[in-house]
Number of protein chains: 2
Amino acid sequence: LNTRSKQSRTDAKRTEILDSAAGALRRLGVRGAGMRQIAEAAGLSAGNLYYYFRNKDELVYYCQIVTLDRLLAVARQARRHSTSTILQLGELIEGHLRVTLGEHASGPLHLDFGDLPAPLLKKVLQKRDRYEREVRAILVEGQRAHELRTGDAKLDAFVLLGALNWATRWFQPGRGYDVAQVAAHHRERLLEGLIFHRSRS
Amino acid sequence: LNTRSKQSRTDAKRTEILDSAAGALRRLGVRGAGMRQIAEAAGLSAGNLYYYFRNKDELVYYCQIVTLDRLLAVARQARRHSTSTILQLGELIEGHLRVTLGEHASGPLHLDFGDLPAPLLKKVLQKRDRYEREVRAILVEGQRAHELRTGDAKLDAFVLLGALNWATRWFQPGRGYDVAQVAAHHRERLLEGLIFHRSRS
């Protein structure tokens, strides 16, 4: 029990460090940011940073895990929240963008994990697959309930996640849009599509 | 004139080499593929490959340029083809996926140009911006014609391009889907949205 609570304190500290370093990671990019710069951004000595992350790979890995855990929480919360899959999807879209674009988000880093060593990459992909399954589950339920258009739920999820994840590539905090605007727009467009239907308005 | 036709012959040969090497680039990744492996895939000696591309950066750069030129041709063709912006968009969606997922496409490479030296990166970004302007022009026209839903055309373009470009990350030729299936699905979903509207069917 003691070991576990020490572990969870260490994890909490790791999350705190990554949240503080998010701005620097976003600005410098994953490959560009050195451990020294990351330590500085988080207000730590380099030695102290190495206590929590043995190397850059481990730091990138934890970044992915923290983000994916937050996305999983968003998906589960959305599914509990409402019986309408349309509302669930809307909540998921907004939550996904808040997690990946918000002030603690490390931006494009969310997608840039291809360079991780195989064992770490495998764990990231497993968690990502779990999130994708949650998303697909909402889509499948929505189709069954005739709330969503029938089709290949896997391809539907790719359209949804592609549009959402793309935002981490173009979004720049404080320039042009805020997260709420992007979330409201993307929610409407993904649910309603691009075509204007006279009969519905 | 003579110089220009020599230049265009060189460019044609470059395109031919990149098309032949597409499979290897897709399999090995941009960073993973060495010039030697690329030469092999294209049926050239390494020396001959270096005649056409001074280094890997130049090769990656040409890959981007060839793809973006093809996408620009798709957009222009779509705009000439029809007076309905809905049909134009549909054609653009299918054409974009054919270009980026087709047998000559180098897959995720399409998005992976962040490491290019600044002068090459700048040219790629200029051409990419030109393509995005073509896409936005269709969206703006469609809104004016009341064929598309009113909204921020820049954000609309991001939803569209995000979903389309995402496919280069997950699509694997010969496994699960063919390009035509993905194109038909994405065309319908992006235009019509996820929600099923009883009144319209």
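Since the structure is predicted, the reported quantities are computational estimates derived from the model, not experimental observations. Here is how names work: the chains are called A, B, and so on, in the same order as the sequence lines, proteins then strands, and each is numbered from 1.
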message = Is it the case that atom NZ in A:Lys154 sees more than 12 heavy atoms from other parts of the structure closer than 6.0 Å?
response = no

request  = Decide if atom CD of A:Glu103 counts as having more than 12 heavy atoms of other residues, nucleotides or ligands within a radius under 6.0 Å.
outcome  = no

note = Closest heavy-atom pair, B:Val159 versus A:His185, reported as atoms and distance to 0.1 Å, is CG2-CE1, 3.9 Å

Whether A:His146 and B:Phe196 hold their rings parallel, tilted or perpendicular, with breakpoints at 30° and 60° = tilted

ask   = To the nearest 0.5 Å, what is the distance between CG (B:Leu191) and CD1 (A:Ile195)?
value = 4.5 Å

message = Between B:Asp152, B:Leu164, B:Leu148, B:Leu89, who has the most heavy-atom pairs with chain A when the cutoff is under 4.5 Å?
response = B:Leu148

key: Under 3.5 Å: donor-acceptor pair, side chain of B:Arg189, backbone of A:Gly193   = no

message = Rounded to the nearest 0.5 Å, what separates atom CH2 in A:Trp166 from atom CG in B:Leu160?
response = 11.0 Å

query = When only pairs under 4.5 Å are counted, which of B:Thr85, B:Val182, B:Ile86 shares the most heavy-atom pairs with chain A?
reply = B:Ile86

inquiry  = Within this structure, what is the NE2-NE2 distance for the pair A:His197 and B:His197, rounded to the nearest 0.5 Å?
reply    = 7.5 Å

task = First locate atom CD of A:Glu188, then atom CG of B:Leu155, and finally report the distance between them rounded to the nearest 0.5 Å.
result = 11.0 Å

inquiry  = For A:Glu40, I'd like to know if atom CD has over 12 heavy atoms of other residues, nucleotides or ligands within 6.0 Å.
reply    = no

ask   = What is the distance from atom CG of B:Leu190 to atom CG of A:Leu190, rounded to the nearest 0.5 Å?
value = 8.0 Å

key: Pairwise distance CZ(B:Arg169) to CG(A:Leu161) - rounded to 0.5 angstrom   = 11.0 Å

